[in-house]
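Chain A is the first sequence line, chain B the second, and so forth, proteins listed ahead of strands; every chain is numbered from 1.
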Amino acid sequence: MSERHIVILGNGITGITAARTLRKRSNHRITVVSGETEHHFSRTALMYIFMGDMRYEDTKPFPDDFWAKNRIDLKQGWVDSIDSQQKQLLFKNGESLKYDTLILATGSKPNRFGWPGEELIGVQGLYSYQDLEMMERNAKGAKRAVLVGGGLIGVEVAEMLLTRNIQVTFLVREKTFWGSVLPIGESAMINREIRAHGVDLRLETGLKEILSDGEGRVRAVETLSGDEIACEMVFLTAGVSPQIEMVKASGIECDRGILVDRFLKTSVPDIWAGGDCAQHREAPEGRRPIEQVWYTGKIQGERLAANICGDLAEYDPGIWFNSAKFFDIEYQTYGWVMPKLKEGEKSFYWEHPEGNKSVRINFEEKSGAVLGVNVFGIRHRHQVWEQWILEKKTIHEVLTHLGAANFDPEFYRQYESEIITAFNLLYPDQPVELKTQKGLFSKFFAKILK
Amino acid sequence: MSDITANLAYESHSIAHHGPRLKISEKIALTAMAIGSMLLALSLIAVNDSTSETLKNLWFNISWALAIGGGGYFALSKHLNDRPGVRNQGKTTDSLTARGAWGWMMGIVFTSFYICLYWFPRQLEGLVRIHDPFSLFMRGRAADEWFVYGTIYTILTLLMGAKAIAKYRHNRYQIIRTSVIMIVQLTFSYLFPVLAAKFSQPEIYFSYLWPLAYDKLFPSSIDHFLHSGAIGYFIIGWFVVGTFIATPVLTYYFGKRWYCSWVCGCGGLANTMGDSWRQVSDKSLKSWKIERWTIHSVLAFIVILTVVLWFEPYLPAAFKEIAFQMRKFYAFVIGAAFSGVVGVGFYPLMGTRVWCRFGCPMAAVLGLLQRFNSRFRITTNGAQCISCGNCSKYCEMGIDVRHYAQRGQNIIRASCVGCGICATVCPRGVLSLENGPLEERYNQEQGLSLLGKTKAQ
Ligand SMILES: Cc1cc2nc3c(=O)[nH]c(=O)nc-3n(C[C@H](O)[C@H](O)[C@H](O)COP(=O)(O)OP(=O)(O)OC[C@H]3O[C@@H](n4cnc5c(N)ncnc54)[C@H](O)[C@@H]3O)c2cc1C
Ligand code: SF4
Ligand code: SF4
């Protein structure tokens, strides 16, 4: 295949994975364009920059000389439109850049719902590096902040602000935190964790209006129930949506995101898209049409590069998984655990008496096949669960070997036998016996320490 | 919740967070620590041979009580008032821990102390003298600079070890490991030699093996032990078995960490007193290159030197002189300047393990064993890594852990001391220190092909 100029718009994980994979597989000329920062950095680490755990430099997954070494050209600048006739990008500053093939990986932006007052100074979301800079400015001298909308980024923002001694009120519309994703047991645990850190978490509370101090700055917010909460900062953390205005305006077919087929092609020839900004016309089985997580960006980046190199295959992300951290409680999930059980599904839930660790396994009532797991405060092995779910292992088999999934550090207390005892109490007909435990040596010490 | 209760909840927790606010008791403790340290420093100029025993005793007791009491209270209070969990907030913004003015000042203080200790011990005279009564009690003889050094070293390891345990109390690996290094320091590296001195036995630091304790296998030392009776034979046996049997066997099963992070006093000080500076270690490829050159050169030097010394009797006189000069050079440049002055003095500037990473020949041996013949590895949890960089940032050995983690590769690096902090700070549960079969040790960049059917061909 002759060499082409492949331009990638967006230097997030999707664009960068595409670029790296393209370089491994081909000799094409590669240019990565982005307005946000010169080099790729890890958006997921934004909170650590603000809290002083890391500097911006530390969040760059590759050293600065990596790009030249791998013949990946970088160009910083904001693209204003795509001219798909002339096959070129037009920049805000008037420059242009020709491409033979274009990959759109433009990511997301924080949701705004047209709340009155959302344009006031002090109101912001947290997605980009520029948002972080704005947060630094807004935090100067601030004493109180209100977060609107519960979700993963909201919890991170709360943790960030507390380290600056800024008091946080967290408005969440649902009955319980992240109730659209977490079953009630886990969600209640996180409600407690958020409050234990000193956040004023207000459930079933919506935002009515953001109030101005008369000079264009935030003074307070008013909730739907009529309470007024004084604050100098307001964070809109009710989710993100694809950043596609420019793409849409350039005539590429979009819905909520840039529409792509199973091969990640857009409606326009030689233009592909992936990552947060892409909406799958036909979502892979058991998957949502738009998935805004790190690793799906990575897989799509790999797939995009392979497909462009002619190694055409459908995007197939495999078994769902994810992870997050709510203050001090780590969360991992493999497979699907929905907040509400579907027909024919059962759920087994174990929670540690201290209320900061839990395991939930959902399974099919008839066959016993496991469907997914939620673990909080315990680490589990990705590969093991993936295998179990793919092979439709039964809940009995899984519990018998539960220790094989344990990924906690050495010497940690292991809860497998407590979990199994709880299971056997619920389902006494076919009691489970724990056969696979984590390493013996660490178990021995864990016992002594108990 | 009403605003008032929210406020209360906030007030009662806000101290826990990392703003500049200090509680009154913490301010008092800090002041006490400062006064204690200043008194210790003042002894350098104010105390001499003619100072009375009573004053020396008083000086010793008051300054150490204030320094330990105040320092201990402050260090523990900060962590124990906070909920258990990873707390590295401010590490890259505080002057002390981010190579700011305070960091430089600490570096200068540490470095000056070591320079005096090795080359100008007279300058430490006042400090040594206030330790006389304590030394008399412990060892039945007056203090010298090495006794004082050992005492300070042990106090710092214990005090800051307690702090490390408080900081990492959510993690049992860290609790157990830190307790063990504290106990080893207190017994093997302090009480045993001190008691040996009291009973006129050889003062042996059993926890330091050749080639770190570079003269342990020199013919002159062996000769000396051979003339020390039964205990001498035991000592020779201990060091020969320690170096040639325990080292490869334990490293095969557990990796280098059994020594570097569980036994060794250098590692002990690094992981207790030095813990606040682990993040300043350089992570670049360039420093990795430099480190491989320097550490293996030191190892080569000490091996050659040891061999030469054994053959010395058979060598012509000219070579004897060379051997003598080599020995002097090693003791000065490596034994003192590198392991002490730079190794600890530069904690706040180059990270906690400057010596362990760039110089220690024992670490070099353990590293080669770990790299080529060990069951130890750090495994990565599938595709959970979000490339945040915490692991790399807080690796004291300057290993770019993320480089491997984001590729789904196991981390097998000669320099990894198995401190376990990368796994502790990872917010997504990606890393785990494990000992396992050799066959599965190395794995290639997995991309995301491990995900079910997504194998990218
Ligand atoms: C605070 C925070 C924490 C998160 N934590 C997690 C987590 O723990 N786990 C997880 O799985 N996911 C997490 N996410 C989500 C994850 O970061 C995203 O899914 C991922 O970064 C998306 O990558 P991407 O490459 O598709 O897009 P992005 O990373 O958004 O990259 C798109 C880039 O394109 C640029 N761009 C867009 N339009 C233009 C234009 N017109 N001209 C020039 N440049 C343009 C943008 O500026 C941006 O730099 C988090 C997100 C945030 C904000
Ligand atoms: S890689 Fe991890 S365990 Fe090894 S030295 Fe670095 S932080 Fe410690
Ligand atoms: S391994 Fe953990 S700490 Fe390291 S980059 Fe990945 S997610 Fe971050």
Side-chain angles (χ1 to χ4, degrees), chain A residues 13 21 42 44-45 48 51-55 58-61 63 162-165 167 169 195-198 200-202 229 294-295 298-299 302-303 306 311 313 316-319 321 323-325 327-328 330 332 379-383 386 390 407-413 439 441 445-446 449, chain B residues 1 3 5-7 9-10 12-14 16-19 21 83-86 88-94 98 170-173 175-176 279 283-285 381-384 386-390 392-393 402-403 406 420 423-424 427-429 432-435 447-448 450-454 456-457:
Chain A
I13 184 64
T21 316
S42 184
T44 53
Y48 300 108
M51 301 196 301
D53 291 41
M54 283 190 275
R55 302 161 304 170
D58 304 319
T59 67
K60 292 183 198 166
L162 288 177
T163 64
R164 302 278 177 101
N165 292 313
Q167 183 175 342
T169 305
R195 288 187 167 135
H197 281 264
D200 173 12
L201 174 64
R202 302 195 189 184
I229 308 166
W294 189 257
Y295 75 87
K298 221 163 154 177
I299 306 177
E302 282 178 4
R303 193 68 263 157
D311 194 356
D316 181 358
I319 303 278
F321 67 93
S323 59
K325 195 172 178 185
F327 285 93
D328 295 318
E330 284 176 22
Q332 297 181 331
R379 295 174 173 180
H380 270 197
R381 268 178 216 276
H382 185 177
Q383 294 96 328
E386 187 180 66
L390 276 175
F407 198 68
D408 265 347
E410 294 153 299
F411 307 128
Y412 267 41
R413 277 209 52 198
F441 180 66
F445 269 93
L449 245 188
Chain B
M1 221 190 322
D3 275 5
T5 46
N7 241 321
Y10 168 70
S12 64
H13 286 93
S14 60
H17 292 96
H18 315 274
R21 289 186 205 172
R83 299 166 64 81
V86 178
N88 285 322
Q89 288 82 358
K91 280 279 154 62
T92 55
T93 48
D94 288 353
H170 61 291
N171 184 310
R172 287 184 148 207
Y173 181 77
I175 297 177
I176 297 177
Q279 69 284 351
K283 312 296 189 298
S284 66
L285 268 176
N381 197 3
Q384 287 283 24
I386 53 168
S387 298
C388 68
N390 276 295
S392 297
K393 183 70 184 168
R402 168 175 55 193
H403 172 93
Q406 67 194 357
T424 305
R428 294 294 178 271
S432 181
L433 280 61
E434 295 186 292
N435 311 308
L448 288 159
L450 70 129
L451 294 167
K453 300 152 282 177
T454 335
Q457 277 86 35

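Both the backbone and the side chain of B:Arg428 come within contact range of chain A, judged by heavy atoms closer than 4.5 Å. At a 4.5 Å heavy-atom cutoff, B:Asp94 makes no contact with chain A through either its backbone or its side chain. With a 4.5 angstrom heavy-atom cutoff, B:Ser392 does not touch chain A via any of its atoms. In this structure, chain B has heavy atoms under 4.5 Å from both the backbone and the side chain of A:Pro61. For a residue to count as touching a neighbouring chain, one of its non-hydrogen atoms must lie under 4.5 Å from one of that chain's; by this rule A:Phe407 touches chain B with backbone and side chain alike. In this structure, chain A has no heavy atom under 4.5 Å from any part of B:Ser284.
Across every non-hydrogen atom of A:Trp294 and B:Ser387, the tightest pair is CZ2-CB, 3.8 Å. Contact detail for B:Ala383 and A:His382: the closest heavy-atom pair is N-ND1, 3.0 Å.
Considering only residues two or more places apart in sequence or on other chains, B:Glu434 meets the side-chain hydrogen bond (donor to acceptor under 3.5 Å, both in side chains) condition with A:Arg381, B:Thr379.
Heavy-atom pairs under 4.5 Å with chain A peak, among B:Gly389, B:Ala98, B:Cys388, at B:Cys388. Comparing A:Lys60, A:Lys325, A:Arg379, A:Glu330 by how many heavy-atom pairs each has under 4.5 Å with chain B, the most go to A:Arg379. Options A:Asp53, A:Thr21, A:Asp328 differ in how many heavy-atom pairs under 4.5 Å they form with chain B, and the most are formed by A:Asp53. Chosen from B:Gln279, B:Lys393, B:Lys91, B:Arg402, the residue pairing most often with chain A at heavy-atom distances under 4.5 Å is B:Arg402. Put simply, of B:Leu433, B:Thr93, B:Asn88, B:Asn381, the one with the most heavy-atom pairs under 4.5 Å next to chain A is B:Asn381.
Expressed to the nearest 0.5 Å, how far CZ of B:Arg83 lies from NE2 of A:His197 amounts to 4.5 Å. A distance of 5.0 Å separates CD1 in B:Ile176 from CZ in A:Phe411, rounded to the nearest 0.5 Å. Atom CG of B:Asn171 and atom OH of A:Tyr412 lie 3.5 Å apart (nearest 0.5 Å).
With hydrogens and angles disregarded, no donor-acceptor distance shorter than 3.5 Å links the side chain of B:Lys283 to the backbone of A:Asp58. B:Ser432 contributes no side-chain N or O that, together with a main-chain N or O of A:Pro409, makes up a donor-acceptor pair within less than 3.5 Å.
Judged by distance alone, the side chains of B:Gln89 and A:Thr163 never bring a donor and an acceptor atom under 3.5 Å apart.
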